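Report on the structure given below.
What you are looking at is a predicted structure, and each value in this text was computed from that prediction instead of being measured. In what follows, every chain begins at residue 1, and chains take the letters A, B, ... in the order their sequences are listed.
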Amino acid sequence: MNPVALTAKMGMADAGIAAVLGYAVVFVGLILLMAVVILMGKAMAGTRKQAEAPAPTAAAPAAPAAPTGTPAPGSAGEVKLFDVPDKEAAILMAIVADKMGKPLNELRFKSIKEVK
Amino acid sequence: MDILQTLSKLVSDSGFAGFFASGGWKYLVMILIACVLLYLGIGKKFEPLLLVGIAFGALLTNIPGAGLYHMGMWDAYVNECAYDAANDAALIEVTDEGTRLLTVEEYLSTLPQGAKEPNIVEHLSFTDVAHFGGLLDILYIGVKAGIYPCLIFIGIGAMTDFGPLIARPSSLLLGAAAQLGVFLAMFGAMLLGFTGPEAGSIGIIGGADGPTAILTTSKLAPHLLGPIAIAAYSYMALIPMIQKPLMRLLTTEKERKVKMEQARTVSKVEKIVFPILVSVFVILLIPSTAPLIGCLMFGNLLRETGVTERLSDTAQNALMNIVTLFLGISVGATTVATRFLTFQTIAIVVLGVIAFMFSTIGGLLVGKLMYVLSGGKVNPLIGSAGVSAVPMAARVSQQVGQEADPSNFLLMHAMGPNVAGVIGSAIAAGFLIAVFG
């Protein structure tokens, strides 16, 4: 591909090379970025583990007792809530059940988290 | 006072007289096209925030005598040649071989009978634009200098949650795959006789990212800005109609029913580090992406830091709205009848839809590949969201997935490829600007 001729009309071969090269550059760029993001995730996970490691020995004696209450009839397990108040979680579960046309006690919600 | 002469002058100076001048019918056609675009924006709600502005800009610029936008001045600015401010003409001659600069003597010899006394300006600067230009010329400086698209990217960054992408980095592959249409349309445009910069500008419509398309075109082929912006925003509004048939055609019922596992929780620190990391890495890789990626990630950083809420709020709302207003009307102003009503516009409209379709196909095919490689854990429908129209493309993935299984919620899984598409189209634009700019 002759760079001098880029602003002029291009032949089929040059046009094909430019298109393939461009697509390849986008792919390579995003694959490299993917590797960087994966590395960042691993580094963060490693840092988190290190920060959490001494916590169990210090906190072990003060660990709260597991809840002993029996679940409501028809319910199964617990739903984990991340930054979502109980009331909003109940509304969300009701909406999902309504949309799916199924009774709430036939559905199982594992967790609800707010996407920030 | 000669009443008849005064009335005659008033009539000949009015805009209505312009419709009866040579080629004046084209302005009427453009006013009708502007009205159709206004109907699509207002009545059909096709990307109304931008399309209404673009359509009204098109309406204003095609009213003869209004003098709000001067095409000749921008031709002179782009070609770095002298400009006749009295007759709004750049001192250039366009031939089949390309553009040739004219000397003042050559230009004066080509002036038709009845033309105004020339007022030649040797080298135009933005100060001259402010002096000789109309209101829309002055607003258009923001497009020409590449300011508006970048400011919009700050707003987009402030509105975007990159969490799904950080949680599932393989989404970036889908964002890359969905740039297929950009380069296929570019190839097609070159075969149709467009120059490299023009073809690149047409191809970027397939990135489904309005500000990126406007920035790329304003740098590479500003004379095509009007039709390219209109095509890009119109097709973005038509995404459900373009994508859904292709998604149903290219995926099986079994694939569409795949329920994806919930992605991991992303920590706040990761979300803060991400925009910094991406800015440094991508800009080092392809420096010409700096304006787009830099602004996108700056906006995102404002959102994620948690200490710049006021700035994030301004970027998402006030700034975004003001810039959208200026961008729409000034881009619309470039649709001058003599430039818009050409074979090129028809070719751009056709190539634009081809670009959108192949971008969708590219995303779906790599989505299917990931479905196979993951042992059926990835729903290929999220691949089509790799075109960057956020969040419409992700919503289409959700809708088609729910058609197959009402209990399937793909939205958050599709948001990963969707925001990856924004980065992908910015890289594609960076490549095109680096090669053809």
Quiz item: Less than 4.0 Å between a side-chain N and a carboxylate O, is that true for B:Arg168 and B:Glu261?
Solution: no

What part of [X] lies closer than 4.5 angstrom to a heavy atom of chain B: side chain, backbone, both or neither?
X: A:Val28; result: neither
X: A:Leu107; result: neither
X: A:Met12; result: both
X: A:Met100; result: side chain

Exercise. Please step through side-chain hydrogen bond (donor to acceptor under 3.5 Å, both in side chains) for the pair B:Lys219 and B:Ser201, ending with a clear verdict.
Key: CA-CA 9 Å; B:Lys219 285 191 183 297; B:Ser201 303; over 6 Å; no

Quiz prompt | chain A contacts, top residue of B:Met415, B:Lys268, B:Glu270 (heavy-atom pairs, under 4.5 Å) | solution =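 Greatest number of close heavy-atom pairs with chain A: B:Glu270.
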
Quiz item: Under a 4.5 Å heavy-atom cutoff, which of B:Ala167, B:Ser170, B:Ser425, B:Gly203 has the most pairs with chain A?
Solution: B:Ser170

Quiz item: So, the side chain of B:Ser359 versus the backbone of B:Ala178: is there a donor-acceptor pair under 3.5 Å, distance only?
Solution: yes

Quiz prompt | Donor-acceptor contact present, side-chain B:Gln179 to main-chain B:Gly175, <3.5 Å | solution = yes

Between [X] and chain A, which part of the residue has a heavy atom less than 4.5 Å away: side chain, backbone, both or neither?
X: B:Ile286; value: side chain
X: B:Ser171; value: neither
X: B:Ala199; value: neither
X: B:Leu191; value: side chain
X: B:Phe409; value: side chain
X: B:Gln262; value: side chain
X: B:Leu173; value: both

Quiz item: Does some side-chain heavy atom of B:Val273 sit less than 4.5 Å from a side-chain heavy atom of A:Met44?
Solution: yes

Quiz item: Is the closest side-chain heavy-atom distance between B:Ile166 and A:Met40 below 4.5 Å?
Solution: yes

Practice problem: For residues B:Leu165 and B:Val419, report the shortest heavy-atom separation together with the two atoms involved. | Solution: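 Nearest pair, atom of B:Leu165 first, then B:Val419: CB-CG2, 3.8 Å.
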
Quiz item: How far apart are the closest heavy atoms of B:Val422 and B:Ser388, and which atoms are they?
Solution: N-CB, 3.2 Å

Exercise. Using a cut-off of under 4.5 Å on heavy-atom pairs, state which of A:Val36, A:Val20, A:Leu30, A:Val25 scores highest against chain B.
Key: A:Leu30

Quiz prompt | Option that, when pairs with chain B are counted at under 4.5 Å, heavy atom only, ranks first among A:Ile38, A:Leu32, A:Ile31 | solution = A:Leu32

Quiz item: Do B:Lys271 and B:Asp161 pass the side chain to side chain contact (heavy atoms under 4.5 Å, CB included) test, and can you show the C-alpha distance, the side-chain angles, and the key distance before you say yes or no?
Solution: CA-CA 9 Å; B:Lys271 286 188 176 181; B:Asp161 175 18; 3.3 Å; yes

Exercise. Taking the six-membered ring for Trp and the single ring otherwise, decide whether the centroids of B:Phe187 and B:Phe183 are under 6.0 Å apart.
Key: no

